[in-house]
Amino acid sequence: MAVEEGQWVLMATGRSPTNIAVIKYWGKRDEALILPVNDSISVTLDPGHLSATTSVAVSPSFPSDRMWLNGKEISLSGGRFQNCLREIRKRARDVEDEKKGIRINKEDWEKLHVHIASYNNFPTAAGLASSAAGFACLVFTLGKVMNVMEDYGELSSIARQGSGSACRSIYGGFVKWCMGKNNDGSDSIAVQLADEAHWNDLVIIIAVVSSKQKETSSTSGMRDSVETSPLLQYRAQTIVPNRVLKMEEAIKSRNFESFARLTCADSNQFHAVCMDTSSPIFYMNDTSHRIINLVEKWNQSEGTPQVAYTFDAGPNAVLIAPNRKNAALLLQKLLYCFPPQDHDLSSYMVGDKSILSDAGLNSMEDVEALPAPAEMKTPNQKFKGDVSYFICSRLGAGPKVVTEETQALIDSVTGLPKEV
Ligand SMILES: Nc1ncnc2c1ncn2[C@@H]1O[C@H](COP(=O)(O)OP(=O)(O)OP(=O)(O)O)[C@@H](O)[C@H]1O
Ligand SMILES: C[C@@](O)(CCOP(=O)(O)OP(=O)(O)O)CC(=O)O
């Protein structure tokens, strides 16, 4: 139902980044509250390249809460959406918009309904943490519309109830999700370790190996691991606590060698836990393994890490280079092994395309002329088309309000998504 004459629509739009864990969250001790079995640490990615944008509109003429994701209406009846809506509504405060002549009292929020429209500028449910950006954005933007004044720690614990990893997308830079001890989850919140300016030389290259939806969701995969993997228990109790301390130290001192070793080891152990699960879960594929091999060989041949890799619940590789020079060298090696299927170099690299010219790759001829990486054992092997495309990004900031009306996803007159 659209807005009736004489009634108003109030709206806010927010944009939130995704994050990628360098110490992984895998396993819950409480499914309903989404409480993890270990701390985790992530880097927030530049929202210009990977983010969710969400508009939340409220109007007395809306008969129910509704949501559209990437243009399609989805159900809000799931517990995760309901938890986020309930927790934000509980904290809603008086809102006044003098220009529009709108006054909403605190108590009115229980009766008012919202329309939510969200859009991800990258593939949804493909192991690129869309749920993290999505739920962080939902909580952040609902909070703006409802004039919620809670601090970011509290917002992170609400976002956590949408998707665990979402609590880390409430901040930019380097973020730690402290698992907490309390049964009610009140101390299971995210904190910022350092902002994005702290270590801004880092370059992040994502190899999108498959943008298809995955077979085993993170939620069900980690449930199976908790129930069946002895390695998960050992990891959570013995390995991660120590690793988190070392990672915090590496970030603080910008020690790339330590950062890279910890990141790679933790990704590999997370996938070992998946293998240790009954039935085993395979998130990586042959292409993922080839990328690990390439990086490991390079790192070994130099005697010190040149690049770090990490893989979430999917085959896509997230590669972190300490600077543009190493990122460009990495790209040369990657494009030698994984040349594009068609001859369009420009669409093969999204995000910060300028890294291509840093790598001296201005045309397909440049790609074809690349020498085989010196550390490769079988230099003639090329796997054309096995990588769909690359994204070049960097560390980024946390959620922001988007003020331009043109960027809003809901029409302020009809109260419905603009594309519908
Ligand atoms: N922009 C968004 N706003 C709200 N919810 C979203 C948004 N994007 C994704 N989601 C929710 O997240 C779900 C996808 O989460 P899922 O964990 O399967 O994939 P992913 O987050 O892309 O991958 P992973 O967490 O393994 O890296 C969607 O079905 C939807 O419920
Ligand atoms: C492999 C991971 O990306 C797992 C993310 O799991 P989710 O946060 O998507 O799971 P739920 O809490 O069930 O929604 C590792 C990480 O981000 O730490």
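Each ligand, and each atom within it, is numbered from 1 in the order the structure gives. Basis for what follows: all heavy atoms, side chains included, without hydrogens, waters or symmetry-related copies.
- With a 4.0 Å heavy-atom cut-off, ligand 1 is reached by the side chain of S218 but not by its N, CA, C or O.
- In terms of polar-atom proximity, defined here as any N/O pair under 3.5 Å, K24 makes no such contact with ligand 2.
- Geometrically, ligand 2 and A313 share no nitrogen or oxygen pair separated by less than 3.5 Å.
- Counting heavy atoms closer than 4.0 Å to ligand 1, residue L69 contributes side-chain atoms (C-beta onward) but none from N, CA, C or O.
- At a 3.5 angstrom cut-off on N or O pairs, T219 counts as close to ligand 2.
- Remark: distances from the non-hydrogen atoms of S40 to ligand 2 are all 4.0 Å or more.
- The distance between the ring centers of W68 and Y119 does not fall below 6.0 angstrom.
- With a heavy-atom cut-off of 4.0 Å, S163 touches ligand 2 through backbone and side chain alike.
- The shell of residues lying under 4.0 angstrom from ligand 1, judged by heavy atoms, excludes L138.
- Considering only non-hydrogen atoms, atom 22 (O) of ligand 1 lies nearest to S130 out of A117, G314, S130.
- Within the 4.0 Å heavy-atom criterion, neither part of R80 lies near ligand 1.
- Between R235 and D266 there is a salt bridge, with a side-chain nitrogen of the basic residue lying less than 4.0 Å from a carboxylate oxygen of the acidic one.
- In this structure, F390 has its ring center closer than 6.0 angstrom to the ring center of Y348.
- The aromatic ring centroids of F135 and F81 lie less than 6.0 Å from each other.
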